[in-house]
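First listed ligand is number 1; within each ligand, the first listed atom is number 1. Index from 1, following the sequence.
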Amino acid sequence: MALEALIFDVDGTLANTERDGHLVAFNLAFKELGLDWVWSNELYHKLLDVTGGQLRIKHYVNDYKPDFTHDDLDGFAASVHALKTKIYVRLVNEGKIPLRPGVKRLFHEARAAGLRLAIATTTTPANVDALIASTLGREALDWFEVIGAGNVVPNLKPAGDIYHWVLEQMNLDPKNAIAFEDSHNGIISATDANLKTLITTNEYTESHQFDNAMVILNNLGEPNKPFIMIEGESTNATYVNVDYLRELHAKHC
Ligand code: XBP
Ligand code: MG
C-alpha cells in the first residue's frame, strides 16, 4: 500500500483557531447581542468537548445557564452562531491567525511529491475558506481535492461521518491515506473511518487520550525547529516531511 493522500483537520491542527479565533468571536457575538455571557479560556477548554459551534452554544445554555429560557433554542443558537461566524471570518481575514509550524511547508512538499490533499473538519465551510485564503492565498483552495466541512454530514466528530464522506468523495482507500488531528474527538472520528492518524497537540488537547495514534507530536516542526515527540517510535526525522510520513505509513498502515 502506497501513501497517496493526506487529510487534514482544521481547528487546532492547521492553526490555533480555537483560542485566537473562535473563542474571541463567540465572546464578541455575545456582546453584540447584549448577552452578558463571557467565556473564559478555562471554560472554553471544557466546552470544546462538544464539537460544532451551535451545539456548543446549546450545551452552554443547558449546563451553565439554567435560568435562560427561549421559545426556540435551536433558532436562537443558529442566529448567535451566524453572527459568530461573520465575526470569525472577519478576524481571520484581518490576518490574526497564522498557520501552525510546518503546515505551509508540508502542503508545498506534499504537492511537489504528488500527494492528494483534503480537509475533514467540523467547522463551518466559510471558516475554512477564510483561513486557507488568508494564510496561503485564495488559489490554495484548489490544492484540496475535497473540503469536507460542517454539516455536509448528519453527525459531527467524534462520529466518523466526515472522514467517511471525504474518503468516498475521493474514492480513496483509507489504507492509502494519513489523517492529521489535534483532539480526542478528531482521532475517534478518523479511526472510525479506518484512517491512521498523526497528532499534533495544542494547549487544549495536550492532556487528551490518543489511542491508535501513529505518533503524537507538539507540532509538525521545521528544519530549524524540530518537533518534540510526545509518544511514538524513535526516528531520524526531526520535522514532518513526506519521507517521514512514508516511514510512518509503512510501519502503521
Ligand atoms: C472544530 C469544532 C468547531 C469549532 C468552531 O472541531 O468543533 O465547532 O470549534 O467552529 P474539529 P463552528 O477541529 O474536530 O473539526 O463554530 O463553525 O462550529
Ligand atoms: Mg481539531
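Residues satisfying the side chain to side chain contact (heavy atoms under 4.5 Å, CB included) test with V24, not counting sequence neighbours, are L28, L91.
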task = Please lay out, stage by stage, how Y44 and Y60 fare under the test ring pair (Phe, Tyr, Trp, His ring centres under 6.0 Å).
result = CA-CA 10 Å; Y44 196 60; Y60 174 70; over 10 Å; no
task = Could you walk me through whether F210 and I230 pass the side-chain contact (heavy atoms from CB on, under 4.5 Å) test, one step at a time?
result = CA-CA 11 Å; F210 292 113; I230 297 160; over 6 Å; no
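Here the shortest heavy-atom pairing between L198 and M214 reads N-CE, 4.1 Å.
Here the protein contributes D9 OD2, D11 O, D182 OD1 as N, O or S atoms under 2.8 Å from the Mg ion (ligand 2).
For the pairing with Y204, the side chain to side chain contact (heavy atoms under 4.5 Å, CB included) check across N41, D182, D11 returns one residue only, N41. Partner of L14 under the side chain to side chain contact (heavy atoms under 4.5 Å, CB included) criterion, chosen from I132, T121, D9, T135: I132.
Contact residues of ligand 1 (protein heavy atom closer than 4.0 angstrom to a ligand atom; sorted by chain and number): D9, D11, E18, H22, Y44, T51, G52, G53, R56, H81, K84, T121, T122, T123, T124, N127, K157.
The hydrophobic cluster containing Y163, built from Ile/Leu/Val/Met/Phe/Trp/Tyr side-chain heavy atoms closer than 4.5 Å, also comprises I7, V146, V152, V153, I162, W165, V166, L167, M170, L172, L195.
Using modelled atom types, one finds no donor on one side chain facing an acceptor on the other under 3.5 Å when comparing H184 with D49.
Ring-plane geometry between F26 and H81 is classed as tilted, the angle between the planes lying from 30 to 60 degrees on a 0 to 90 degree scale.
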